[in-house]
Each structure stands twice: as C-alpha cells, then as structure tokens.
Amino acid sequence: MAARPRRSTHHRARLRRHHHLLLLIPLLLFLLPPLSAVLFRHANSLGRRCLFLAARHTPLAGRRLSFSIVTLSDESRGSRGRSFRGMLNATARNRRAYAAAHGYGLAVLPPEAVDRSRPPAWSKVLALRAHLHRHHWLFWNDADTLVTNPTIALETILFSVIGHTDFDTSPDLILTEDINGVNAGLFFIRRSKWSERFLDTWWNHSSFVQFGSTKSGDNFALKHIIDHLSPEEMHAHIRIAKMQCLFNSYPWNWMAMWKSLHALIFHPSTTWKGVYSDGDFMVHFAGLDDKRGWTSRILKEIGTP
C-alpha cells in the first residue's frame with residue numbers, strides 16, 4: 001500500500017491559523033457585549049442624532065398647548081422577579097421636577113386606579129381615556145421610566161416627529177418602535193375623537209389579555225390594531241419616530257449575554273437607534289429585572305437624588 005503523502009509545512013501552518021481563529025470566536029463573542037456597552041453609552045458623542053437639531057431652534061407658534069404626563073403602577077412584585085414595587089416613589093421627584101420646570105400637568109394614579117380584572121399594564125388605557133379631555137396632549141409614561149435630559153421639552157419632541165406645531169392638523173398617536181415593533185411604554189396621544197375611539201378599541205381587545213407572564217398582552221393588542229389600520233388611516237393619525245432614542249431609550253444590559261448578542265447580530269441598526277446614551281431625553285427599563293436598582297444607578301449618574 002502506498003504511503004500517505006505528508007502534509008506540507010504551508011498546509012500545517014494554515015490549519016494552525018484556522019484553529020487559532022476558531023479559539024478566538026468564543027472570546028470575541030464573550031467580549032462583544034461589554035465592549036458594546038462602552039460604545040453605546042457614548043453613541044450620541046459618536047454622531048448619533050435622536051433629535052433633529054432644527055427642532056431645538058424652532059419657535060412654537062400659536063397658542064400654548066396643554067400637556068400632561070400620565071403614569072400609574074399597582075406597586076406589585078410582578079412576574080419572575082420583575083418587580084414594580086416602589087417604582088412610583090423612586091421616580092416621583094424626577095417626574096415632578098420635569099413637569100414643574102416646563103409647566104406640564106402630572107397625573108400619577110394610585111394603585112387603586114388599576115383595574116384588577118386585567119394585568120396592571122392594561123390600566124394605562126383607562127387612565128388615558130379618563131384624562132384625555134383635560135389636555136391637548138397626554139404623554140404616557142410607564143412607571144419604570146426616568147427623564148434623563150430635562151432640558152428637552154415635549155413640544156420639541158413632537159415637532160421633531162410631526163414637523164409643525166399646528167394642533168388641529170397633527171396626527172393623534174406618536175410612538176416609537178424597538179426590535180419587537182411599536183412599544184406601549186412611552187407615547188403621546190392627542191385629544192380627539194379618533195383618539196377616544198382608538199383607546200376604546202384597544203381596551204376592547206380583551207382576547208390579548210395575558211396573566212402569569214412578563215407580558216400583559218396590551219402591547220400585542222396595540223401592535224395588532226396598528227397592523228390592521230388602512231394605509232390612509234395610518235398616515236392621517238399615527239407617526240412612529242425615526243429614532244427610538246428620541247423619547248424611549250433602553251439601557252444596554254450586556255449582562256444578559258445571549259439576548260444582547262442576538263440584538264447586536266440580527267438587529268444592529270434598530271439597537272443603535274434605541275440604546276440609551278448620555279444626553280438622551282428618557283430611559284425606559286423595559287424588560288429588566290431589578291428596576292429599583294437601575295433607577296438608583298441612573299439617577300446617581302445624572303446627578304439627581
């Protein structure tokens with residue numbers, strides 16, 4: 001039997017290089033999330049723009065519009081350790097200071113306002129329906145949110161999305177979207193008959209209600225309604241901000257290794273548009289455990305108690 005030919009030195013060197021590269025892949029995957037945390041935290045200084053610069057310098061013409069921030073929580077422990085207990089108190093001073101500085105209303109509803117027939121997140125619909133007639137615009141805030149750049153006014157954010165300041169010709173619902181689609185944690189809704197019907201429709205989508213999970217079903221219902229609007233109605237009444245970080249930034253939780261890697265690999269553009277960076281208007285601790293801990297950390301970083 002003929003002897004097997006010996007592999008060339010060049011071939012063996014190439015195999016060693018491939019072997020070394022294979023060993024580097026797990027290391028790179030391990031280092032990518034913490035390294036990306038440093039990059040994302042400085043996204044704005046690296047050139048990302050959440051707010052159109054022109055919006056900062058555009059005077060608000062016409063009558064002074066009435067705004068109110070609306071929020072609530074049942075202060076429950078939540079599911080799988082995702083507790084909202086104490087969040088209203090933890091964020092109260094932050095929200096009060098921002099509303100007072102800009103002359104906005106603030107409606108912080110007590111736990112008694114939560115409809116116990118559904119998960120607490122659904123009660124945002126009832127809260128907005130009850131307050132809609134009192135102001136031109138309502139700005140819904142989930143309890144696990146903070147204002148991190150109070151110099152940015154709500155009027156400026158709306159102008160950045162809508163492009164004008166005429167209340168009567170404005171769309172009715174201003175949203176952001178993340179890798180899962182539109183998000184119900186932070187959004188603007190305008191006082192109008194359309195908004196009243198929309199909120200009623202949202203509440204009546206009771207088949208989406210979920211118990212015993214980190215998902216309540218309200219966000220799925222919202223996405224379902226929007227997905228089934230005609231193009232004409234969508235264009236007339238809804239705007240989705242081009243940049244999620246305009247008013248709904250998510251902190252980069254690189255400790256959730258596989259979730260972070262999935263976002264980086266499969267949704268890099270959307271992740272970049274929505275990750276929290278210094279200078280962003282608001283941070284939203286969506287999908288995070290230890291919300292009190294995250295709140296304390298961010299408040300300390302921005303220099304407020």
Side-chain angles (χ1 to χ4, degrees), residues 65-79 82-96 98-100 102-147 154 157-158 171-176 182-206 208-211 214-226 237-238 247-248 282 284-286 291 295:
L65 299 181
S66 172
F67 287 78
S68 182
I69 299 167
V70 184
T71 188
L72 64 74
S73 172
D74 73 337
E75 297 289 278
S76 69
R77 181 169 179 80
S79 303
R82 195 162 294 171
S83 176
F84 278 80
R85 188 179 300 279
M87 284 302 297
L88 284 182
N89 287 333
T91 60
R93 185 173 179 178
N94 173 268
R95 238 180 287 275
R96 280 200 305 268
Y98 177 74
H102 292 273
Y104 304 141
L106 176 61
V108 181
L109 280 69
E112 292 76 24
V114 172
D115 187 302
R116 299 297 172 179
S117 68
R118 300 187 184 191
W122 279 91
S123 289
K124 66 167 66 94
V125 181
L126 299 180
L128 292 169
R129 189 68 171 85
H131 287 79
L132 193 61
H133 68 284
R134 303 178 185 178
H135 301 275
H136 293 98
W137 286 97
L138 299 181
F139 181 36
W140 171 259
N141 288 196
D142 272 2
D144 58 342
T145 59
L146 282 173
V147 176
L154 300 184
I157 292 172
L158 286 181
D172 298 285
L173 186 61
I174 311 296
L175 299 157
T176 61
V182 295
N183 179 258
L186 284 160
F187 59 90
F188 293 84
I189 189 163
R190 187 179 76 109
R191 183 178 69 197
S192 69
K193 291 298 183 182
W194 184 92
S195 295
E196 292 177 2
R197 292 192 299 271
F198 184 87
L199 291 171
D200 291 343
T201 300
W202 191 359
W203 180 259
N204 289 334
H205 273 59
S206 55
F208 287 85
V209 173
Q210 298 180 33
F211 285 99
T214 58
K215 307 294 184 183
S216 302
D218 62 301
N219 212 135
F220 291 132
L222 175 65
K223 288 193 285 188
H224 177 82
I225 296 168
I226 291 175
H237 299 283
I238 296 177
F247 62 89
N248 191 11
M282 289 197 75
H284 180 195
F285 307 117
K291 294 180 184 293
T295 300

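Remember, it's a predicted structure, so these values are computed and weren't measured experimentally.
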Side-chain contact test, heavy atoms from C-beta onward, threshold under 4.5 Å: evaluate it for Ile226 versus Val182 and give yes or no.
yes
Taking the six-membered ring for Trp, are Phe247 and Phe188 ring centroids under 6.0 Å apart?
yes
Please give me the minimum heavy-atom distance between Lys124 and Ala184, naming the atom from each residue.
CE-O, 3.3 Å
Taking all atoms of both residues into account, what is the closest heavy-atom pair of Gly185 and Trp140, and its distance?
O-CD1, 3.3 Å
Any sub-3.5 Å donor-acceptor pair from Ser216's side-chain atoms to Asp218's backbone N or O?
no
Nearest-0.5 Å distance that lies between atom CG in Leu173 and atom NE2 in His237:
11.0 Å
So, His136 side chain and Leu65 main chain: donor-acceptor pair closer than 3.5 Å or not?
no
Mind running side chain to side chain contact (heavy atoms under 4.5 Å, CB included) on Leu222 and Leu175 for me, showing each step along the way?
CA-CA 11 Å; Leu222 175 65; Leu175 299 157; 4.2 Å; yes
Intermediate values then yes/no, side chain to side chain contact (heavy atoms under 4.5 Å, CB included), Asp144 and Thr91:
CA-CA 8 Å; Asp144 58 342; Thr91 60; over 6 Å; no
Donor-acceptor pair between Asp115 and Ser123 side chains, under 3.5 angstrom
no
What is the minimum heavy-atom distance between Leu132 and Ser195, and which atoms define it?
CD2-CB, 3.7 Å
Quick one, Phe208 and Lys223 - any side-chain contact, counting heavy atoms below 4.5 Å?
no
First locate atom OG1 of Thr201, then atom NE2 of His224, and finally report the distance between them rounded to the nearest 0.5 Å.
10.5 Å
From Leu146 atom CG to Met87 atom CE, the distance as rounded to the nearest 0.5 Å
6.5 Å
Look up atom CG in Asn248 and atom OG1 in Thr176, then write down how far apart they are to the nearest 0.5 Å.
3.5 Å
Value for OG (Ser68) from NE2 (His131), rounded to nearest 0.5 Å, stands at 6.5 Å
Can you label the angle between the Trp137 ring and the Phe67 ring as parallel, tilted or perpendicular, going by 30° and 60°?
parallel
Asn141 and Thr145: which non-hydrogen atoms are nearest, and at how many Å?
CB-OG1, 3.7 Å
Report the C-alpha distance between Arg191 and His135 in whole Å, list the side-chain angles of each, state the deciding distance to 0.1 Å, and finish with yes or no for side chain to side chain contact (heavy atoms under 4.5 Å, CB included).
CA-CA 7 Å; Arg191 183 178 69 197; His135 301 275; 5.8 Å; no
Chi angles and distances behind the side chain to side chain contact (heavy atoms under 4.5 Å, CB included) call for Gln210, Phe220:
CA-CA 10 Å; Gln210 298 180 33; Phe220 291 132; 3.3 Å; yes
Lys/Arg N to Asp/Glu carboxylate O, Arg116 vs Asp74, below 4.0 Å
yes
Establish, yes or no, whether the cationic atom of Arg197 lies under 6.0 Å from the six-membered ring centre of Trp202 and within 45° of the ring axis.
no
d(Ile189 CD1, Ile238 CD1) to nearest 0.5 Å is 9.0 Å
I'd like to know if the side chain of Lys291 reaches the main chain of Phe285, judged simply by a donor and an acceptor atom lying under 3.5 Å from each other, with no hydrogens or angles considered.
yes
Only distances under 3.5 Å count here; give the side-chain donor-acceptor pairs of residues 102-109 to other protein atoms, sequence neighbours excluded, each with its distance to 0.1 Å.
{"residue": "His102", "atom": "NE2", "partner": "Pro150", "partner atom": "O", "Å": "2.7"}
{"residue": "Tyr104", "atom": "OH", "partner": "Leu154", "partner atom": "N", "Å": "2.9"}
{"residue": "Tyr104", "atom": "OH", "partner": "Glu155", "partner atom": "OE1", "Å": "2.4"}

Nearest heavy atoms of Phe187 and Ile174, plus distance in Å:
CB-O, 3.3 Å
Show the nearest heavy-atom pair for residues Phe84 and Ala143, with the distance to one decimal.
CD2-CB, 4.0 Å
